[in-house]
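The structure under discussion appears below in the form of structure tokens.
Values in this document were obtained by computation on a predicted structure and should not be read as measured data. Throughout, protein chains are lettered first and strands after them, A, B, ... in sequence-line order, and every chain is numbered starting at 1.
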There are 2 protein chains.
Amino acid sequence: MDLVVKHLMDHGIRPSVQRVAIMRYLMEHRTHPTVEDIYRDLHDEMPTLSKTTIYNTLSLLGEKDALSLLTIDSKNIHYDGDMSPHAHFLCRCCHRIFDVALPLGLDSDGMMPVGFSIEHSHVYYDGVCNMCSGKGQE
Amino acid sequence: MDLVVKHLMDHGIRPSVQRVAIMRYLMEHRTHPTVEDIYRDLHDEMPTLSKTTIYNTLSLLGEKDALSLLTIDSKNIHYDGDMSPHAHFLCRCCHRIFDVALPLGLDSDGMMPVGFSIEHSHVYYDGVCNMCSGKGQE
DNA sequence: TCACAAATTTGAATCCATTACAAAATTATA
DNA sequence: TATAATTTTGTAATGGATTCAAATTTGTGA
């Protein structure tokens, strides 16, 4: 079975054409897109796709933990289809968001006060990326 | 000299009446307020204070690293006048934001790819707080 | 103290991401 | 095939954030 369809069904989501297209986009593009990005890029292959559907779908996928919301950028919500543990870096020059390794020792169960239960955790950095600093490879 | 005035001047910000009032509010209220919160609460003592001034001031304070922007909540930007290192926890029930200890081992300089420089880092959790879970003290 | 320049504040208008909503289309069920 | 349930769609509305120019306040020098 298609990996994207399986991913949706594993999270209790009925795999409509639109939902599969949006989830596939997220899984194949590791760019942490916004709603606008998704709409623009999917418009060619699905001219009738509406923004409301994208909002609805991303909201549903988020509730079911099939994707993760990145609030790293105060201007727009970004979405990430990769649920494996990793941190994010936002470049203040080019505004791209990069995946970076999680710092070690982040298992912080012991640090939380009694009665607090963590459902999701996010580690965000901002600064300047290797391309904007001119110090990166290439 | 007043601590708030000193804080502003230490960050190269001229301490106008409005700026001092807003910075003082942030330093005295550890509630991570939004623009709306600040406006509502300062309105009594400063009826002429405009929202634009609050936006301008928070933007200036942010640029000068005199406060920190919390993007933990996708609905609104929250502001924090406490620049000491700590993490944040957003309760999905009551939507309050709590200060929590930073996990150990978060010094992640070694983890970043060559050419990436970190200017700010944030650790965000969400889940259920002690009051909403009914398992807290009191 | 006064006049002028610079900085700051203000409110109205605007922008734009997100949400609400109800009709239309699609899919599931009997 | 008929009916119900689900999903999609476009339009309208919402509301946080920004723009902008006028008004006010503050700083500077004579």
Side-chain angles (χ1 to χ4, degrees), chain A residues 4-5 8-9 11-25 32-64 66-79 90 95 97, chain B residues 2 4-5 8-9 11-26 32-64 66-79 90 95 97:
Chain A
V4 179
V5 173
L8 292 180
M9 295 180 71
H11 289 83
I13 297 166
R14 294 170 61 180
S16 73
V17 175
Q18 289 86 345
R19 289 170 179 173
V20 171
I22 293 167
M23 190 71 236
R24 187 184 310 285
Y25 181 87
H32 317 93
T34 63
V35 165
E36 197 60 36
D37 295 329
I38 298 170
Y39 182 74
R40 183 180 2 87
D41 290 353
L42 288 186
H43 201 260
D44 284 343
E45 55 186 89
M46 294 185 80
T48 64
L49 181 66
S50 82
K51 256 184 212 178
T52 302
T53 297
I54 299 176
Y55 278 106
N56 289 343
T57 299
L58 292 174
S59 163
L60 177 68
L61 292 167
E63 281 167 24
K64 303 283 190 179
L67 56 71
S68 110
L69 268 69
L70 306 189
T71 58
I72 191 171
D73 169 12
S74 63
K75 306 283 180 197
N76 294 96
I77 304 176
H78 294 256
Y79 296 87
L90 171 67
H95 300 107
I97 296 172
Chain B
D2 181 72
V4 179
V5 172
L8 293 180
M9 295 179 70
H11 289 83
I13 298 166
R14 295 170 61 182
S16 73
V17 175
Q18 290 84 348
R19 289 169 179 174
V20 172
I22 293 167
M23 190 70 236
R24 187 184 310 285
Y25 182 87
L26 281 169
H32 318 93
T34 63
V35 166
E36 197 59 36
D37 295 329
I38 298 170
Y39 182 73
R40 183 180 0 87
D41 290 352
L42 288 185
H43 201 260
D44 284 343
E45 54 185 271
M46 294 187 80
T48 64
L49 180 67
S50 81
K51 258 184 211 178
T52 303
T53 298
I54 300 178
Y55 279 107
N56 289 344
T57 299
L58 293 173
S59 163
L60 177 68
L61 292 166
E63 281 168 23
K64 303 284 189 177
L67 56 71
S68 111
L69 267 69
L70 306 188
T71 58
I72 190 171
D73 169 13
S74 64
K75 305 285 178 194
N76 294 95
I77 304 176
H78 294 256
Y79 296 88
L90 171 68
H95 301 107
I97 296 171

Nearest-Å distance, [atom1] ([X]) to [atom2] ([N])?
X: A:Ile38; N: C:dA17; atom1: CD1; atom2: P; result: 14 Å
X: B:Ile54; N: D:dT18; atom1: CD1; atom2: P; result: 13 Å
X: A:Met46; N: D:dT8; atom1: CE; atom2: P; result: 9 Å
X: A:Lys75; N: D:dG15; atom1: NZ; atom2: P; result: 21 Å
X: A:Asp73; N: D:dA17; atom1: CG; atom2: P; result: 13 Å
X: B:Arg19; N: D:dT26; atom1: CZ; atom2: C1'; result: 11 Å
X: B:Asn76; N: D:dG15; atom1: CG; atom2: C1'; result: 9 Å
X: B:Ile13; N: C:dT9; atom1: CD1; atom2: C1'; result: 16 Å

| query | Has A:Tyr55 got a side-chain N or O lying under 4.0 Å from the OP1 or OP2 atom of C:dT19? | reply |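 Answer no for this pair, as no side-chain N or O of A:Tyr55 is under 4.0 Å from OP1 or OP2.
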Exercise. Consider the side chain of B:Gln18, meaning its heavy atoms from C-beta on, and name the nucleotide among C:dG11, C:dT9, C:dT18 that approaches it most closely.
Key: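 Nearest to the side chain of B:Gln18 among the choices is C:dT9.
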Handout entry: Nucleotide nearest B:Thr53 (side chain, heavy atoms from C-beta), chosen from C:dT10, D:dT9, C:dT18
Key =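 That would be C:dT10.
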Assign [X] to base, sugar-phosphate, or nothing according to its heavy-atom contacts below 4.0 angstrom with the strands shown.
X: A:Ser16; value: sugar-phosphate
X: B:Thr48; value: sugar-phosphate
X: A:Asn56; value: base

For DNA chain D, whose closest nucleotide is more 5', that of A:Ser74 or that of A:Lys51?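 In this pair, the answer is A:Lys51.
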query: After noting the C-alpha distance and the side-chain angles of A:Asn56 and A:Gln18, does the key distance pass the side chain to side chain contact (heavy atoms under 4.5 Å, CB included) rule?
result: CA-CA 11 Å; A:Asn56 289 343; A:Gln18 289 86 345; over 6 Å; no
Open item on the list: Taking A:Arg14's backbone N and O only, do any of them form a donor-acceptor pair with A:Arg19's side chain (distance below 3.5 Å, no angle check)?
Closed with: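 Pair found, side chain donor or acceptor close to backbone of A:Arg14.
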Worksheet item: Under 3.5 Å, side chain of A:Ser59 to main-chain N/O of A:Tyr55, donor-acceptor pair present?
Response: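 Pair absent, no side-chain N/O of A:Ser59 close to backbone of A:Tyr55.
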>> For A:Tyr79 and A:Leu70: C-alpha separation, side-chain torsions, deciding distance, then whether side chain to side chain contact (heavy atoms under 4.5 Å, CB included) applies.
In response: CA-CA 6 Å; A:Tyr79 296 87; A:Leu70 306 189; over 6 Å; no
On DNA chain C, does the nearest nucleotide to A:Glu36 precede the nearest nucleotide to A:Arg14 from the 5' side, or the other way round? Give the residue.
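That would be A:Glu36.
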Ignoring hydrogens and geometry beyond distance, is a side-chain donor-acceptor pair present between A:Asp73 and A:His78 at under 3.5 Å?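 Present: a donor and an acceptor within the cut-off.
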